[in-house]
Amino acid sequence: MITLDDLRRFATALPEVEEFIHFRLPGFKVKGRPFAGMERGDTTAVFSGSQNEAATAVAADPAVYSEVWRTAAMKIWVGLRVDLSAISPEQIQQLVEHAWRNKAPMSVVAAYDAAAPSNTAVRLANARREARARDVAEAVHRARQQPC
């Protein structure tokens, strides 16, 4: 199972990341913008990302992923919850980097990409994998809507 130490190792390997405490739980932010954090019990973590990306992940594997919303006076999007016992270190590393990219200033991301060209190859491979997962999720959704 993925631990806080694993999450910390992946997050702090990225530029401009600092660890912080949010409601007594560890989290990670880039330039003051939170992008990942552990939840109570250390069995799940939440990552920032778009609602569409989260919906795709949940549709592909609802046992591992779930959407996180905060409800107060209105419903507010938080991110993607991940079951840390059901995911590989490679997948967590990809989620951490993706969440970081969503929150990091463009100048920080550009400097990171320029310094490590291999990151671009990894990102392209991840994008292809995500596109395939989206295609599968859409096909499943369409199949469920068709009458028997």
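Hydrogens, waters and symmetry mates play no part in the numbers below; they use all other heavy atoms, side chains included. The shown structure was predicted, so the numbers you read here are calculated from the model rather than taken from an experiment.
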Indicate if I87 and F47 have the same hydrophobic cluster label, given that clusters are the connected sets of ILVMFWY residues with side-chain heavy-atom separations under 4.5 angstrom. yes
Less than 4.5 Å apart, any side-chain heavy atom of V17 and any of K29? no
Side chain to side chain contact (heavy atoms under 4.5 Å, CB included) between M1 and T43, worked out: CA-CA 8 Å; M1 180 163 115; T43 59; 4.1 Å; yes
Under 3.5 Å, is there a donor-acceptor pair between the side chain of D6 and the main chain of T3? yes
Decide yes or no on side chain to side chain contact (heavy atoms under 4.5 Å, CB included) for L7 and M38, but give the supporting numbers first. CA-CA 9 Å; L7 189 61; M38 294 292 284; 3.5 Å; yes
Could you tell me if the side chain of D5 sits less than 4.5 Å from the side chain of F10, heavy atoms only? no
For the residue pair E53 / T56, report whether a side-chain donor-acceptor contact shorter than 3.5 Å exists. no
Over 12 foreign heavy atoms within 6.0 Å of CE, M106: no
Between W77 and G49 (side chain of the first, backbone of the second, donor and acceptor by atom type, cut-off under 3.5 Å), is there such a pair? yes
So how far is it from L84 CG to E39 CD, rounded to the nearest 0.5 Å? 9.0 Å
Rounded distance (nearest 0.5 Å) linking atom CG of D61 with atom CG of D83: 9.5 Å
On a heavy-atom basis, which atom in V109 and which in A104 lie closest, and how many Å separate them? CG2-CB, 3.7 Å
Does any non-hydrogen side-chain atom of P26 lie less than 4.5 Å from one of F20? no
Does any non-hydrogen side-chain atom of V82 lie less than 4.5 Å from one of L95? yes
Treating Q91 as the side-chain partner and S88 as the backbone partner, does any N or O pair qualify as donor plus acceptor under 3.5 Å? yes
Side chain R81, main chain V46, donor-acceptor under 3.5 Å: no
Rounded to the nearest 0.5 angstrom, the OG1-CD1 distance for T71 and I76 is 9.0 Å
Can we call the ring centroids of W100 and F28 under 6.0 Å apart? no
Looking only at non-hydrogen atoms, find the nearest pair between E16 and V108 and report the distance. CG-CG1, 3.9 Å
Taking the side chain as everything from C-beta on, heavy atoms only, tell me whether Q51 gets closer than 4.5 Å to E67. no
Would you give the length of the straight line joining atom OG1 of T44 to atom CD1 of I2, rounded to the nearest 0.5 angstrom? 13.0 Å
Provide the closest heavy-atom pair for N102 versus S50 in the form atom of the first, atom of the second, distance. ND2-N, 4.5 Å
Going from CG on L80 to OG on S66, what distance comes out if it is rounded to the nearest 0.5 angstrom? 7.0 Å
Against the six-membered ring of F35, is K103 placed for a cation-pi contact (under 6.0 Å from the centre, within 45° of the normal)? no
Applying side chain to side chain contact (heavy atoms under 4.5 Å, CB included), run through L14 and V96 and close with a yes or a no. CA-CA 9 Å; L14 297 165; V96 167; 3.9 Å; yes
Could you walk me through whether R8 and E19 pass the side chain to side chain contact (heavy atoms under 4.5 Å, CB included) test, one step at a time? CA-CA 8 Å; R8 180 181 291 122; E19 188 171 349; 2.7 Å; yes
To the nearest 0.5 Å, atom NE2 of H98 lies from atom CD of Q93 at 14.5 Å
